[in-house]
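Read the numbers this way: they start at 1 and go in the same order the structure lists the ligands and their atoms. Computed over heavy atoms, backbone and side chain alike; hydrogens, waters and symmetry mates excluded. No experiment lies behind these values; they were computed from the predicted model shown.
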Amino acid sequence: MADVLKKVPVREQDPQVRATNFDEVCLGYNKEEAMEEASRCLNCKKAKCVEGCPVSINIPGFIHQVKEGNFEEAYKVISESSALPAICGRVCPQESQCEGKCIRGIKGEAVSIGKLERFTADWARENGIKPTPAAEKNGKKVAVIGSGPSGLTCAGDLAKLGYDVTIFEALHEAGGVLVYGIPEFRLPKLDVVAKEVENVKSLGVKIETNVIIGRSITIDELMDEEGFEAVFIGSGAGLPMFMGIPGETAKGVFSANEYLTRNNLMKAFREDYDTPIVKGKKVAVVGGGNVAMDAARTALRLGAEVHIVYRRSEAELPARAEEVHHAKEEGVIFDLLTNPTEILVNEDDAVAGMKCVRMELGEPDASGRRRPVVIPGSEFVLDVDTVIMSLGTSPNPLISSTTIGLDTNKRKCIIADEETGKTSKDGVYAGGDAVTGAATVILAMGAGKAAAKGIHEFLSNK
Ligand SMILES: Cc1cc2nc3c(=O)[nH]c(=O)nc-3n(C[C@H](O)[C@H](O)[C@H](O)COP(=O)(O)OP(=O)(O)OC[C@H]3O[C@@H](n4cnc5c(N)ncnc54)[C@H](O)[C@@H]3O)c2cc1C
């Protein structure tokens, strides 16, 4: 008899095997495992898990259908609220959202809501089930900028309401961070991301790639000359930050975004692609977030010895516990309480090591976390030939600087109403990382959903 206090374990690739390939780490539940895990759900009347979900999926509703083996019904329940369930089931931080609120979690382990969502979405895809398109079109044109999770969600919801929606995407492939940032071994591109993008298209959404709004065409031109009655900006936060230390412009220093884009979108890891990437022998990744873990695990798979260099301790690592655990299992070395001060450069202007200092934790700072303080005399050189900076990102100011009357804050984030996505410019809405700064897939989706509602209300009253 299975222990109801514990999750049904999920199968994963062996750490030593997966450290050498780019195949998906987590193998997900099969039917029997999913039904067994679903039977752990207490089907609470006042479901706290739903309160923890930024797009308010009817979680007990879909889990009940999984328990009964009605997987198509389960998918229908999820797709009432989410256009990207196979993605969210893989990358959402469930432990701090739905699963963090699960009553089962008080005495034992929360129900594995993420893995059940993933199972349901994968089953639907493998069985050719699609979301239902709108019955009638209303002929009103809406432009969506960016094909990340906020843009895809906003576009999908508006298409379901009958709008004629076009997404304009700067890159040659749709998906935003889902295709260029999150690695293949966490989120398969062809089998999962491309299929969920297809689902959004099947609702009637058009996607025009290779269009940079602010350069190819502006928002004002879309509205004044191209007949778009409203615009949603979901352009993300793709501009990387650097430390400002000496040596940062040397060959072999990358932003995590560039490193990951070369690998994920431009497939540098595949022999049949020409994309150049430095296959460092010893790589330092500076930072402790999810992006740092992704860059570290990617460098490891490209054959390097990899060090995460982070200035606070393990308790403060901002990455998900699961990502840290996976990185450690695969052999990433954690240099905690360590801060770089200079990148050493050789006569070829290439990285020849990284000077660091050891840190200790002092009094809490404004964020409530203990402030790292340098230990005097602790300087040392970390022997590395490649440095990947993963210190966060901010929105690219191209759109805000080319749109008349669009207000931003001092971090260059577009100012938008949380409930409706409304910006300072009439008819223009925004959401996701472009508004909040780097956040999460599901928060971007929640913002896309809210803006779709806001736009519908605006256009219905126009
Ligand atoms: C490496 C990495 C790993 C992550 N891992 C996770 C995770 O595990 N779980 C999680 O929840 N979140 C994760 N995140 C964060 C999450 O991916 C983002 O919060 C989310 O993708 C934001 O969605 P968005 O729609 O706002 O923007 P994005 O996904 O950034 O999409 C914006 C899109 O707009 C396009 N664009 C930008 N400017 C223009 C323009 N001028 N014209 C036309 N198109 C434009 C971009 O090319 C891009 O495709 C990760 C982020 C990164 C970088």
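A cation-pi arrangement is absent between R301 and F269 under the rule of less than 6.0 angstrom and at most 45 degrees off the ring axis. With a 6.0 Å cutoff to the six-membered ring centre and a 45° limit on the axis angle, K141 counts as a cation-pi contact of F228.
Between the side chains of E316 and S313, a donor-acceptor pair is found at a separation under 3.5 Å.
Ligand-side atoms of ligand 1 in range of L171: 47 (O), range being under 4.0 angstrom from any heavy atom. Near E169, with a cut-off below 4.0 Å to any heavy atom, the atoms of ligand 1 are 33 (C), 34 (O), 35 (C), 43 (C), 44 (N), 46 (C), 47 (O), 48 (C), 49 (O). Taking every non-hydrogen atom of D433 and a distance limit under 4.0 Å, the qualifying atoms of ligand 1 come out as 18 (C), 19 (O), 20 (C), 22 (C), 26 (O). The contact set between ligand 1 and I212, taken as ligand atoms under 4.0 Å from a residue heavy atom, comprises 41 (N), 42 (N). Within the listing of ligand 1, atoms 43 (C), 44 (N) sit less than 4.0 angstrom from a heavy atom of F168. Using a 4.0 Å cut-off to heavy atoms of D294, the atoms of ligand 1 that qualify are 1 (C), 2 (C), 3 (C). Close contacts between ligand 1 and I182 involve ligand atoms 3 (C), 4 (C), 5 (N), 6 (C) [criterion: under 4.0 Å to a heavy atom]. Within ligand 1, counting atoms from 1 as listed, the ones closer than 4.0 Å to a heavy atom of G176 are 29 (O), 31 (O), 48 (C), 49 (O).
Judged by distance alone, the side chain of E109 and the main-chain N or O of K7 form a donor-acceptor pair under 3.5 Å.
An N or O contact shorter than 3.5 Å links V91 to ligand 1 by distance. At a 3.5 angstrom cut-off on N or O pairs, T440 counts as close to ligand 1. Between S150 and ligand 1, a contact under 3.5 Å exists for at least one N or O pair. Considering backbone and side-chain N/O of A438, none are found under 3.5 Å from N/O of ligand 1. Ligand 1 has no N or O atom lying under 3.5 Å from any N or O atom of N257, backbone or side chain. For L178, no nitrogen or oxygen atom sits less than 3.5 Å from a nitrogen or oxygen atom of ligand 1, counting backbone and side chain alike.
Between I388 atom CD1 and H307 atom NE2 the span is 12.5 Å, to the nearest 0.5 Å.
G148 CA, 3.4 Å is the protein heavy atom nearest to atom 31 (O) of ligand 1. The single protein non-hydrogen atom nearest to atom 44 (N) of ligand 1 is A170 N, 3.1 Å, given as residue, atom name and distance. The protein heavy-atom contact nearest to atom 1 (C) of ligand 1 is L260 CD1, 3.4 Å. For atom 40 (C) of ligand 1, the closest non-hydrogen atom of the protein is I213 N, 3.7 Å. The shortest contact between atom 8 (O) of ligand 1 and any protein heavy atom is with R186 NH1, 2.8 Å. Among protein heavy atoms, the minimum distance from atom 11 (O) of ligand 1 is reached at V441 N, 2.9 Å. With respect to atom 27 (O) of ligand 1, the closest heavy atom belonging to the protein is G236 CA, 3.4 Å. Taking atom 17 (O) of ligand 1 as the reference point, the nearest protein heavy-atom neighbour is V177 CG1, 3.1 Å.
Salt bridge present: R18 and E329 bring a charged side-chain N and a carboxylate O closer than 4.0 Å.
When all heavy atoms of K140 and L459 are compared, the pair lying nearest together is NZ-O, 3.0 Å.
Within the 4.0 Å heavy-atom shell around ligand 1 one finds A439. Heavy atoms of N396 come nearer than 4.0 angstrom to ligand 1 in no pair at all. Residue contacts with ligand 1 include G234, since one or more of its heavy atoms lies under 4.0 Å from the ligand.
F62 meets the ring-ring contact (aromatic ring centres under 6.0 Å, His included) test with no other residue; sequence neighbours excluded. By the side-chain contact (heavy atoms from CB on, under 4.5 Å) test, A250 is found to be paired with V253, V345, D349, V351, residues two or more places apart in sequence or in another chain being considered.
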